[in-house]
> 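My structure is below; once you've seen it, I'll send some questions.
Not measured: the values here are computed from a predicted model. Sequential numbering from 1 along the given sequence is applied to the chain's residues.
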Amino acid sequence: MKSKLILTAFLSVSLMACAQETPKVKHKSKTAISKQNVKTVKFANAVDPICHMPTEPDMKDTAVYKNKTYGFCSAYCKDEFKKNPEKYVKN
């Protein structure tokens with residue numbers, strides 16, 4: 001009988017904890033980005049020097065070497081490039 005009472009109390013406390021209201025977060029409304037503010041990046045490379053995938057203007061993984069921006073398909077390719085950039089850069 002004592003164990004049933006303890007179990008009931010435990011379940012009641014658990015349910016009350018789950019029933020608490022989550023804090024309300026105010027998110028910013030989506031803002032329309034004007035095309036004038038968007039800057040397209042021209043990469044120094046047309047293809048990823050590691051895996052030979054074509055570069056896209058919206059690639060997130062980039063590295064700057066000798067004042068030129070290089071685009072990469074992944075963080076792995078970028079890290080490989082950073083180990084020895086001169087191996088991949090055509091002068």
> Just grab all the side-chain hydrogen bond (donor to acceptor under 3.5 Å, both in side chains) pairs involving residues 53-62, residues at least two apart or on different chains.
none

> Taking the side chain from Asp48 and the backbone from Phe72, do they hold a donor-acceptor pair closer than 3.5 Å?
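Here the side-chain-to-backbone pair does not exist.
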
> Could you tell me which residues satisfy side-chain contact (heavy atoms from CB on, under 4.5 Å) with Tyr88, sequence neighbours excluded, listed by chain and number?
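With sequence neighbours excluded, Tyr88 shows a side-chain contact (heavy atoms from CB on, under 4.5 Å) to Pro49, Ile50, Phe81, given in chain and number order.
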
> Compare every heavy atom of Gly71 with every heavy atom of Met59, then report the nearest pair and how far apart it is.
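Nearest pair, atom of Met59 first, then Gly71: SD-C, 4.1 Å.
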
> Can you list everything that forms a side chain to side chain donor-acceptor pair (under 3.5 Å) with Lys83? Sequence neighbours excluded, please.
Glu80

> Heavy atoms only: give me the nearest Cys73-Cys77 pair and the separation to one decimal.
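Minimum heavy-atom separation between Cys73 and Cys77: SG-SG, 3.7 Å.
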
> List the residues meeting side-chain contact (heavy atoms from CB on, under 4.5 Å) with Asn84, not counting sequence neighbours, and say none if there are none.
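Here the qualifying residues are Glu86, Lys87.
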
> Please report the shortest heavy-atom distance between Asn45 and Thr69, naming the atom on each side.
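It is OD1-O, 4.2 Å.
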
> Does a side-chain heavy-atom distance below 4.5 Å link Val89 with Tyr70?
yes

> Just to verify, what does Phe43 make a ring pair (Phe, Tyr, Trp, His ring centres under 6.0 Å) with, not counting sequence neighbours?
none

> State which residues pass side chain to side chain donor-acceptor pair (under 3.5 Å) with Tyr76; sequence neighbours excluded, sorted by chain then number.
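Side chain to side chain donor-acceptor pair (under 3.5 Å) check on Tyr76 returns nothing, list empty.
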
